Each structure stands twice: as structure tokens, then as C-alpha cells.
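Accompanying notes for the structure given below.
Quick note: numbers below take in every heavy atom, side chains included, and nothing from hydrogens, waters or symmetry partners. Computed from a prediction, not measured in an experiment: that's the story for all the values here.
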Amino acid sequence: MDDLRSAEWYAGQDRNSYIHRAWMRRGLPDNALDATKPQIAIANTASDLTPCNSHLNEVAESVKQGIWEAGGVPYNLPVVSLGETQVKPTAMLWRNMAAMAIEEMLRANPIDGVVLLGGCDKTIPALLMAAASVDLPAIVVPGGPMLTGHFRGEALGCGTDVWRLSEEVRGGQITNGQFLQSESSMIRSKGHCNTMGTASTMAVVAEALGMTIPGFAGTPAPDSRLLALSHETGRLIVDMIREDRRPSDILTRESFLNAIVAVAAVGGSTNSVVHLLAIAGRLGLDLTLDDFDAAGRDVPLMVNLQPSGTFLMGDLYRAGGVLAALSQVKELFSPVPITVTGRPLVEYLTDQPVFDETVIFPRESPLMADAGIAVLRGNLAPRGAIIKPAAATAELLQHTGPAVVFDSIEDMRARLDDPDLDVTADSVLVLRGCGPRGYPGMPEVGNMPLPRKLLEQGVRDMVRISDARMSGTAYGTVILHVAPEAAAGGPLAFVRTGDIITVDVAGRSLSLAVSDAELALRGQSAASEAAYAAPQRGWAKLYVEHVMQADTGADLDFLVGSSGDRVTRESH
């Protein structure tokens, strides 16, 4: 091990070193600031306003114990936390801010490595973006899914069953009172969503990238083994510092391709696309939408979890866990990328028994033969759009129908249930103005509700297209992340109600039956332009002026790349 980075703060004899040491001695052992003691931050996204992460202070204590045991010195570092269910207008607006703030705090402080505590959707991506930019030894502790709640004897998938039950209310199948009765049963314990939503997906992604102790992802939040693994993570980060194992050693192009395979195999969230692109951008890696289509194509869906299947995260853990699921497609993973342990991921994909084949399907009979996120292109999405076939209706994956256009989310909510709305089950619902720049922040509204009159007729899915995202817990034939977005002048801005749209997922195309010449003559809807975000100050203004499009990860243009961990000037 070379000289520790923290020695730049603590090892001198001058006034500045005195100040750095003296203010930190509040009960620490006398040798805690010695040059041989790794100083380790625990970047902790615990917050009572991020309910899925509210237990991470307890997790941090276990990490601390492991760090002390291995000879390091731990420090709790509260960082920006984003609660997907709470913040308005969307947590995605602040993912880049959280990543930037975490990056700056890691660089500015006298630390030699960091343990990243995350759970709710945007927290693990922000932590990984920051760690990639600073490139100090780093490891992820995923906070884990909650226990399964039940209502009237049936398991509830948080998120997924909210979407399902709310549509049943609107379609007249259940009463609003019955819907509200399920609320107290939905969230049974600490932890993040128990479906294969974005939180669970990003834990799987972190593991597939090599950034967790293998076997950690999917461990339920209330399970004592989560605390045991957190303790072990504290021990491991000390070893990583001594061996100088950094994110740049682990996060290679091949590890990102492994993560894409993993997302397909577990039926993961479409949100993983913008997050993986953004993390790769921080590393300067050449990762594109085409890589998602190529690496994810023909990857079978191996787990029967909501929203693509039946079961929930606790069932996956019981059936053998994430590694058992990934072991079913072991041959699709690159054997080269290492994990935080220094060993390749594929070494952990052997001898992983499956204990319930109704949850983790056998390789020879997967739940779905081709589950990778599909990238569509055409004159409606020149830079791409995505769809999750595993959550869609098979019959709608090839479809032609007339557009019903909504100029904003407010417009959609105002008109969707109008009995006079000219819409049929064959229509294609189009929502614009909800991209990174237009909203701002690219909210999870792409899985638009269906018109009430169609729900009452028994319709449960339609083709929907937008420049927005959708929750990882959501389902349906929903085409997302259309790029460029309408607010950036993309073709979505010029679609009119009645235009014919053709979706061909097998052919990877999304086309509008309007010539380029006619599109060029069309102006944007005044209602759309009036609804685009126009912030006058603060983060939102900075975001709108610098955010990139979804096909490159929706990071800020000046945050792409990294600045390393060096700080050259003193503070006193």
C-alpha cells in the first residue's frame, strides 16, 4: 500500500495538519489518525423523507464495526438523499445534483475510500456516478427490499399493485374504498420496493458491475444477513484500500455489458438505461443505446417477478437469490471483469442452487425467450426510444394506429377521461413535454392511465409513447425516453392527433406516417411550448440549461468525465 491519501491532511507538523487532526480527536483513539490507518467515509443516504432508506443509519453502524475490525477508521457522511415517492416534480431532477454533491464531498475530505449506502431508485445511481468521478476505492451496500405485504390474503407488489388497483377503481371493478383499504397493507417493513422495480434493478446492476460483495443484492432489508454483509463490506473496503482496487479497475466496458445482460435476465427496469449510460459517461466509456440492444438481445427472462411476472423480491431470495438467477445465463457474461473482491463475477455464478423453479426458471424453459430492453429508431425517434418487452402485451409489440396527442401531463389528465375523447383500443396515446428539459427532470409518467371508457370496456393495455420515463414497478406496452425530446425540437413535438404511428419491436422501428417535408413545415403546438419548463433560478435553471438527452444518460454536459481525487490547495 502506498502512502494513504488522508496523510496529506494528517501527517504533517505544521499549523494546517494540527488543525486537521485536532478537530477530529473527539473521542477517537490516539492512533486513529496515524498514516497507516485508512480513513473511510460511509456515504449514507439515510433520511426520514426517503422512506426506503430510513434504516440505513442502522446499516451504517454494521459497516462501521467491520471497518474498525479491519483496522480502518469509519466516518458517517450524510449525503443528498432522494425519495422517489416524495419529492416533486421528480427525483430524477436531482440525481445529477446528488451525484455532483457527493463527488465534491468525497474529493474534499480526508478519506481513502468510501462505502456507498443506497436503496431508493436514484440513490445508488447517484452514488456510483460520484464514485466513478472521484475514483477512490468504493463499494456499494444496497439497502434491500421490504417484506411482502398482503391484502385479503393476496401478496401486494408495491408500486405494481398501485398501478393495477388504481386502474381497477377507474374501470369500476373495485371501489375507491377498497383501494384505500389496501394502503396500510402495502408497505410492511423497512426497505425499498419488493418488486423488480428500479431500486431492486439498480442493486442487481451494482452487483453485476462488480461493485458489491457478490450475493448481496436482493437481501431483504429486515434480514439479519443484510447487517452481516454490511459488516463484511466494512472489512472489505479496508482491504480494497490496501490493495488500491478502485472503481476504474472494476467498472470496465465489459462489466457494463454484464450489467445489461443481468437487467434482461431479471426483467429489470427501463430506468437502468439512463443510469448505466450516465455512470459510463463519468468513466469516459463508450457505452451507447446500441449496446443495450446488442447485449440484451436474446437474453432470456429467468425470474418470475412483478411487474413482468408473479412473485416478489422475498421469493427471489428464498428461491436462491440473484446469483442463482444469473447463474442460469452464466455463459452470456464476460469472464474478464473483476468485482470488489478482486475476483471475476463469473466465479460466483457456479454452485448456485435454485430452490424454487416457479420463481427462478430453468435455463431450458425461461419465462420469456428474449427479455432484453429493445431500442427503437425511426423518424419519430431519430436518436432512439426504448421499450421493455417483458412488461408489454405481446400482441401490441407490432401495432399500427392513430395518435391521440397530449401536449403536457396536465393536458392528459384533463382530457383522458372525457367521454367525447376520440380514442379506441387501437389508438396510440402520445404524451410530450415530459423529457429531461421539458418537465424538467423526465418524470415517471410514461405509463399513462388508460381512458376510463376503455377500461370500462375491459381494455387493459394500449401502446403509449412519450419522452418521459416510467416506474420500474410499472408495466404495459409503453415506449419511453424518445430522443430528442419534444422540448429539444424532436419529432415528437410535431405529431398531431390522427397521425398514423407504427411500432415494430421485432424490427426495432418506431415510425410516423408523415413525410420529413411535411414535418418540417409543422410548428410546435402552442400548448406544448407553454407547458415546457422555464425555471428562472437555482438548480432547475442550471439543469435545464445543461442536461443532455436520454440517449446519453441525461447527465449534465459539464459533469461528463471525471476529476479524480486530488485537491491541491490548503484550507487555512
Side-chain angles (χ1 to χ4, degrees), residues 289-290 374-387 396 398-416 418 420-424 426-440 442-443 445-446 448 451 462-469 477-505 507-535 544-552 554 557:
L289 280 181
D290 291 336
V375 178
L376 311 181
R377 298 183 190 275
N379 66 341
L380 192 52
R383 287 171 51 181
I386 64 172
I387 186 172
L396 292 175
Q398 186 163 8
H399 180 79
T400 297
V404 176
V405 179
F406 300 103
D407 286 317
S408 66
I409 190 68
E410 293 79 13
D411 179 38
M412 184 272 291
R413 289 172 177 158
R415 294 195 294 122
L416 187 70
D418 185 341
D420 294 327
L421 183 68
D422 187 10
V423 63
T424 71
D426 289 330
S427 299
V428 176
L429 303 183
V430 175
L431 173 64
R432 58 190 172 207
C434 296
R437 188 187 303 175
Y439 198 74
M442 206 181 175
V445 296
M448 290 170 269
M462 297 173 65
V463 175
R464 286 157 278 179
I465 300 173
S466 77
D467 46 15
R469 298 177 301 116
T477 310
V478 184
I479 297 169
L480 305 153
H481 307 189
V482 171
E485 64 175 301
L492 200 67
F494 308 109
V495 181
R496 294 177 180 173
T497 292
D499 287 345
I500 301 300
I501 294 175
T502 297
V503 177
D504 180 4
V505 174
R508 297 302 196 258
S509 70
L510 177 63
S511 60
L512 182 70
V514 176
S515 69
D516 291 344
E518 182 177 342
L519 274 181
L521 295 174
R522 290 184 178 181
Q524 290 207 33
S525 157
S528 286
E529 291 187 303
Y532 294 155
V544 167
E545 290 177 352
H546 291 279
V547 70
M548 302 189 300
Q549 291 296 290
D551 63 307
T552 57
D557 53 17

Interatomic distance, [X] atom [atom1] to [Y] atom [atom2] [nearest 0.5 angstrom]:
| X | Y | atom1 | atom2 | value |
| --- | --- | --- | --- | --- |
| Leu510 | Ile479 | CG | CD1 | 5.0 Å |
| Leu421 | Ser427 | CG | OG | 8.0 Å |
| Leu376 | Ile386 | CG | CD1 | 9.0 Å |
| Asp420 | Arg415 | CG | CZ | 12.0 Å |
| Asp551 | Glu485 | CG | CD | 10.5 Å |
| Ser511 | Asp504 | OG | CG | 8.5 Å |

Is there a side-chain contact between [X] and [Y] (heavy atoms, below 4.5 Å)?
| X | Y | value |
| --- | --- | --- |
| Met448 | Val478 | no |
| Leu416 | Phe406 | yes |
| Leu431 | Ile409 | yes |
| Leu396 | Val505 | no |
| Met442 | Val547 | no |
| Ile501 | Val430 | yes |

Any chance you could lay out the side-chain contact (heavy atoms from CB on, under 4.5 Å) test for Ile387 and Thr477, step after step, and finish with the verdict?
-> CA-CA 7 Å; Ile387 186 172; Thr477 310; 4.0 Å; yes
Closest non-hydrogen atom pair between [X] and [Y], with its separation:
| X | Y | answer |
| --- | --- | --- |
| Ile500 | Thr400 | CG2-CG2, 3.4 Å |
| Ser466 | Leu492 | C-CD2, 4.1 Å |
| Cys434 | Asp467 | N-OD1, 2.9 Å |
| Pro451 | Met462 | CD-SD, 3.9 Å |
| Ala531 | Ser408 | CB-CB, 3.7 Å |
| Leu512 | Leu519 | CD2-CD2, 4.0 Å |

Output every pair passing salt bridge (charged side-chain N to carboxylate O under 4.0 Å, His left out) with a member in residues 487-502, not counting sequence neighbours, ordered by first then second residue.
-> Asp499-Arg522
Could you note down all residue pairs passing salt bridge (charged side-chain N to carboxylate O under 4.0 Å, His left out) where residues 429-438 supplies at least one of them, sequence neighbours left out?
-> Asp407-Arg432
Is the shortest distance from a Lys or Arg side-chain nitrogen in Asp290 or Arg508 to a carboxylate oxygen in the other one below 4.0 Å?
-> no
For Arg464, what residues pass the side-chain hydrogen bond (donor to acceptor under 3.5 Å, both in side chains) criterion, not counting sequence neighbours?
-> Asp461
Side-chain donor or acceptor of His399 paired with backbone N/O of Asp426 under 3.5 Å | yes
Applying side-chain contact (heavy atoms from CB on, under 4.5 Å), run through Val423 and Leu429 and close with a yes or a no.
-> CA-CA 9 Å; Val423 63; Leu429 303 183; 4.1 Å; yes
